[in-house]
Amino acid sequence: MTALSVEGVSKSFGGLRALSDVTFTVAEGETVGIMGANGAGKTTLFSLIAGHGRPTEGDIRLGERSLLGLSPDRICRLGIARTFQIVKPFGGLTVLDNVVVAALYGNADRPSQRDAEARGLAALTAVGLADRADGLAETLTLSGQKRLEVARAIATGARFLLLDEVMAGLTPPEVAEMLGLLDAVRRRHRLTLMVIEHVMKALMQLSDRILVLHHGELIATGAPAEIARDPTVLRVYYGEGA
Amino acid sequence: MIRSLALPILFGLAGLVLPFTGSSYLIGVGFALCCSIALVQSWTVLSAMTGYVSLGHAVFYGLGAYVVALSWGALPMPVGLLLAGGVAGVFALLVGMPVLRVRGPYFVILTFGLAELVKYLVIILESELGSFSRLMFGAPDLGVLYAIAFALAAIATAGALLIRRSRLGRGLLALRENEEAAETVGVPVVRLKLVAFALSAVIPGVVGGLAAMRTTYFEPMQAFDPTVSFTIVTMAVVGGSDDARGPLLGAAFFTILSEVLWARLPQVYMVVLGLLLILFVLFIPRGLAGIFAGRPGKAA
């Protein structure tokens, strides 16, 4: 079943065309990786889906419902949560309070504070941060803050997660740990994921399907193995001689 | 939890005992203290919890005073006071939409400018109406005013305590830390900021009305005096605004200080206000409450 459809989406910032005529669908339970160089439009795509900004053209739908014009908090309650490439923890709050507020406001069923605390703790446990619950979020390491981003997204009860470079800046062992954790979480909660990642090996391993963006255009889509030998992708990444 | 309630309870008991001293001087000081506590606690609901620092709370205080002065003799006193709070709250809702779109120093300047704008509009309006200042005959005596001010201080303190622990408070603290992230986890930031702004305006409106009754006249320059806004911010900074204890300490400190200074060196009051503000911002950002909690260092 189609979870998300992006139909002919373009986005211009003044004269700059960040995305042009991008069309694809994401099936429920699927993990879709997004590849592309810096400036290819990956984060812009996430921003538009999450409601931070409106496409210049095209439509974005969750199931049958158009998301155009909805505020980010509304889109979150409909079940889409995103993480930020540059982490944005609620630094002055405790790690637990970071996820409790997500559970309180992100879930459409309006849980009680006690209930939200339980859901928050479960999300922290899922990413291995339960033992840091009482510390301030700003005291976490980068790896910890990246995991907190994921925990916060999970705590909202969203079933559709947009993960923007949750492995960037992590050491190889931390990447391996994050991969294991994401795999476990998506199975347990039957999540649909869209993943932006520069760590190629991780992206290949995690994704069922990969979309390749180049200068705002969708130039290829396919299973990881296909993408790895797609002539268009190779040309873009390695130049004409490849 | 127990520790954070000890000080409010102590203040409450002292406030209940005060009228039995029979000293109108002490009750007068108590009245001023209760008004300040009510103002600062209300201010923290917006400014400490969302990080939107208002330098214009005098506008709500002034509007409240104006409403009570206008309705004086036409409406029963309690109705006038409730109306004062209502008008202040509705005004906050109306101006909040545009004003809360800007953050940081822009918000500070905008709230200050807005308060001045309203002050001069009221002055123009009053001179058009041919009234220079309004006298209010038959105002309730000090004991009654004190009782109302005490109730307002208690409500504002309890409100600040409860909101901080509520669903609303958690949302406000999250948007203070990072508005964009708060939005993406489902916090309706625009609505919550408006609610906080309105909540923080209602009690200052009532306090303004009460203050007009105490002086028994209304005069716009005095009712909308920006010193009210400055004093609120200074009390919050000196006392600390991380929890409900700070405003109590800040208000008490300044009420005592102004009693000492007004009597002897009235011109020095603003100078001292400024100096204390600088000292506390630089060296004790958590305020007096932070010192008592044993962590005078970094502000949240």
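In what follows, chains are A, B, ... by sequence order, proteins preceding strands, each numbered from 1.
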Taking the basic N atoms (NZ, or NE/NH1/NH2) and the acidic carboxylate oxygens, is any pair closer than 4.0 Å for A/Lys146 and A/Glu174?
no

Quick one: what part of A/Thr156 sits under 4.5 Å from any heavy atom of chain B, side chain, backbone, both or neither?
side chain

Below 4.5 Å from any heavy atom of chain A, which atoms of B/Leu192 appear? Answer side chain, backbone, both or neither.
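Side chain only.
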
How are the rings of A/Phe84 and A/His52 set to each other: parallel, tilted or perpendicular (split at 30° and 60°)?
tilted

Highest number of heavy-atom pairs under 4.5 Å with chain B: which of A/Arg74, A/Gln113, A/Arg82?
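Counting heavy-atom pairs under 4.5 Å, the top option is A/Gln113.
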
Counting only heavy atoms not in B/Arg101, do more than 12 fall under 6.0 Å of its CZ?
no

A/Thr192 versus A/Glu28, side-chain donor and acceptor atoms under 3.5 Å:
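No, because no side-chain N or O of A/Glu28 sits under 3.5 Å from a partner of the opposite role on A/Thr192.
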
